[in-house]
Novice: 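Handing you a structure now.
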Amino acid sequence: MVIAKPTPKIKAYGEAHKAAYRRILAAIKRYDRIAIFRHIKPDFDAMGTQMGLYQWIKDNFPNKEVHFLGDNHVSFTPRLFPETEKLGDGFFADRNFLSIVVDVGDHERIADPRYKKAKFVAKFDHHPYKKQVAKAEVVDLESAAAAEIVADFILNQKGMILSKEAARHLWIGLVGDSGRFLFSSTSPHTFEIAEALLETGIDIHEIYLAMYEKNIDSLRSLGYVLAHFKISPHGVAYYTLPKEVQEELHITPELGKEHVNTFSNIEGINAWCSITEDPNPKDYCWRISIRSKAKDISGVAVKWEGGGHAQASGAKIKSLDDLDAFIADLDALFQ
């Protein structure tokens with residue numbers, strides 16, 4: 001464990017968010033029961049930020065009752081993160097608790113709606129949102145990851161410890177959402193956060209092996225993607241994974257976007273996306289993960305019931321009848 005020592009950029013960032021940091025820390029100190037929430041269909045950043053914050057609170061406030069909630073990931077749990085808690089309604093009967101929401105913009109995507117039962121809600125995020133849900137929040141659209149914001153919050157708390165376990169989780173979130181520091185959202189502040197996390201002694205070789213380990217089914221699905229992708233007139237690469245193909249490849253809808261970045265460094269390809277059928281009867285659709293070399297694709301994502309960042313967004317279509325129109329919108333960015 002190390003005592004947090006913020007660098008000049010981390011201090012400056014903390015100063016810019018001083019009021020919100022003060023209110024969130026006061027809430028953590030005030031409430032003996034805390035529940036941490038993230039978005040549905042979690043990714044590296046959602047789970048890494050949640051578990052990093054959970055561990056930091058447990059390390060520094062050992063007498064508090066802290067829980068982490070949401071749906072499990074088909075691959076990350078328990079390989080990277082512990083199985084998500086199954087917390088009964090009894091905890092929420094008494095509203096005298098703190099909810100902390102991380103890495104989710106729109107409230108509809110918070111994995112467990114019981115966050116609303118808390119007397120106080122706090123939030124750390126880097127996505128735009130339509131409805132405010134928190135009494136105290138740090139939302140920075142320029143940050144590479146929610147983990148970057150939470151790590152900054154932690155590093156600006158004087159005299160508190162940052163354990164190797166907490167730093168490991170935050171590193172996974174930071175690396176995952178920055179595309180291993182390749183996305184344009186990566187900043188000098190991002191690297192100073194990374195330096196501080198490394199100083200705890202985390203083993204990034206071990207972390208990367210766990211994050212990016214594949215199995216034979218993954219290799220076969222990559223073969224399918226390479227054999228069936230298409231490219232639009234202006235360089236939008238895409239592939240579709242219908243339900244029957246997923247069954248043949250032994251993958252789930254959550255793994256449909258696993259190979260989307262295969263196209264990231266190919267000359268002539270400007271954007272790339274996976275289009276995966278999700279047969280969930282409550283929200284049947286084709287889920288789309290979109291990535292871009294340079295152009296901002298978030299506007300197209302918003303038009304198609306999604307959103308996200310300039311170079312990494314998500315969207316959805318109700319059927320493949322809409323696919324040509326979606327691709328045309330994306331293709332038009334590069335004319």
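Both backbone and side-chain heavy atoms feed into the values below; hydrogens, waters and symmetry mates do not. Throughout, residue positions are numbered sequentially from 1 according to the sequence presented.
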Novice: Holding to side chain to side chain contact (heavy atoms under 4.5 Å, CB included), I want the full list of residues that pass it with E137, two or more places apart in sequence or in another chain.
Specialist: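 For E137 the side chain to side chain contact (heavy atoms under 4.5 Å, CB included) partners, ignoring immediate neighbours, are K123, Y129, Q132, A134, V139.
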Novice: Looking at R220 and D217, does any basic side-chain N land under 4.0 Å from a carboxylate oxygen?
Specialist: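 Judged by the 4.0 Å cut-off on N to carboxylate O distance, R220 and D217 do form a salt bridge.
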Novice: Does Y31 have any ring-ring contact (aromatic ring centres under 6.0 Å, His included) partners at least two apart in sequence or in another chain, and if so, which?
Specialist: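 If we apply the ring-ring contact (aromatic ring centres under 6.0 Å, His included) test to Y31, skipping adjacent residues, there are no hits.
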Novice: Among Ile, Leu, Val, Met, Phe, Trp and Tyr joined by side-chain contacts under 4.5 Å, find the other residues sharing a cluster with L209 and list them by chain and number.
Specialist: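 For L209, no cluster forms, as it stays isolated from other hydrophobic side chains.
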Novice: Any salt bridge between E206 and R168, counting N to O under 4.0 Å?
Specialist: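 Counted as a salt bridge, because a side-chain N and a carboxylate O are separated by less than 4.0 Å.
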Novice: By side chain to side chain contact (heavy atoms under 4.5 Å, CB included), which residues pair with E247, not counting sequence neighbours?
Specialist: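 For E247, the residues satisfying side chain to side chain contact (heavy atoms under 4.5 Å, CB included) (neighbours in sequence not counted) are K243.
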Novice: Tell me who clusters with F92, hydrophobic residues only, linked when side chains sit under 4.5 Å apart either directly or through other members.
Specialist: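 Noted: F92 shares its cluster with F37, L69, L87, F91, F97, V101, V104, I110, Y115, V121, V133.
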Novice: Does this structure show an ion pair linking K303 with D329, if we count only N-O contacts that are shorter than 4.0 Å?
Specialist: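 A salt bridge is present here (some side-chain N lies under 4.0 Å from a carboxylate O).
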Novice: Got a salt bridge between D203 and K164, using NZ or NE/NH1/NH2 to carboxylate O under 4.0 Å?
Specialist: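 Answer for the salt bridge query: no.
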Novice: How does the hydrophobic cluster around F334 look, that is, which other residues are in it when side-chain heavy atoms under 4.5 Å mark a link?
Specialist: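 Answer for F334: V236, Y238, I275, Y284, W286, I288, I290, I297, V300, W304, I317, L320, L323, F326, I327, L330, L333.
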Novice: Taking the basic N atoms (NZ, or NE/NH1/NH2) and the acidic carboxylate oxygens, is any pair closer than 4.0 Å for D45 and R38?
Specialist: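 Judged by the 4.0 Å cut-off on N to carboxylate O distance, D45 and R38 do not form a salt bridge.
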Novice: With clusters built from Ile, Leu, Val, Met, Phe, Trp and Tyr whose side-chain heavy atoms come within less than 4.5 Å, directly or transitively, what are the remaining members of the cluster of L226, listed by chain and number?
Specialist: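 Other cluster members: L222.
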Novice: Closer than 4.0 angstrom, basic N to acidic O: yes or no for E108 and K131?
Specialist: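 Salt bridge: no.
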Novice: Considering non-hydrogen atoms only, spot the tightest contact between G256 and S274 and give its length.
Specialist: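 Minimum heavy-atom separation between G256 and S274: O-CB, 3.6 Å.
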Novice: Name all residues meeting the ring-ring contact (aromatic ring centres under 6.0 Å, His included) criterion together with Y224; count only those two or more places apart in sequence or in a different chain, and write none if there are none.
Specialist: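 Listed in chain order: H228.
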Novice: Under the rule for side chain to side chain contact (heavy atoms under 4.5 Å, CB included), what residues qualify as partners of S185, not counting sequence neighbours?
Specialist: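 Residues passing side chain to side chain contact (heavy atoms under 4.5 Å, CB included) with S185: A144, F183.
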Novice: Tell me, please, which residues at least two apart from F181 pass ring-ring contact (aromatic ring centres under 6.0 Å, His included).
Specialist: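 F181: ring-ring contact (aromatic ring centres under 6.0 Å, His included) contacts with W171, F191.
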Novice: Between atom CH2 of W56 and atom CG of L155, what is the distance when rounded to the nearest 0.5 Å?
Specialist: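 Those atoms lie 10.0 Å apart.
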Novice: Using the ring-ring contact (aromatic ring centres under 6.0 Å, His included) criterion, which residues pair with H259? Sequence neighbours excluded.
Specialist: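 Expected list: none.
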Novice: Are R287 and D278 close enough for a salt bridge, meaning some N to O gap below 4.0 Å?
Specialist: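 Yes, this pair counts.
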Novice: Check side chain to side chain contact (heavy atoms under 4.5 Å, CB included) between H73 and all other residues, then give those that pass, not counting sequence neighbours.
Specialist: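 For H73, the residues satisfying side chain to side chain contact (heavy atoms under 4.5 Å, CB included) (neighbours in sequence not counted) are P42, M47, S75, F76, T77.
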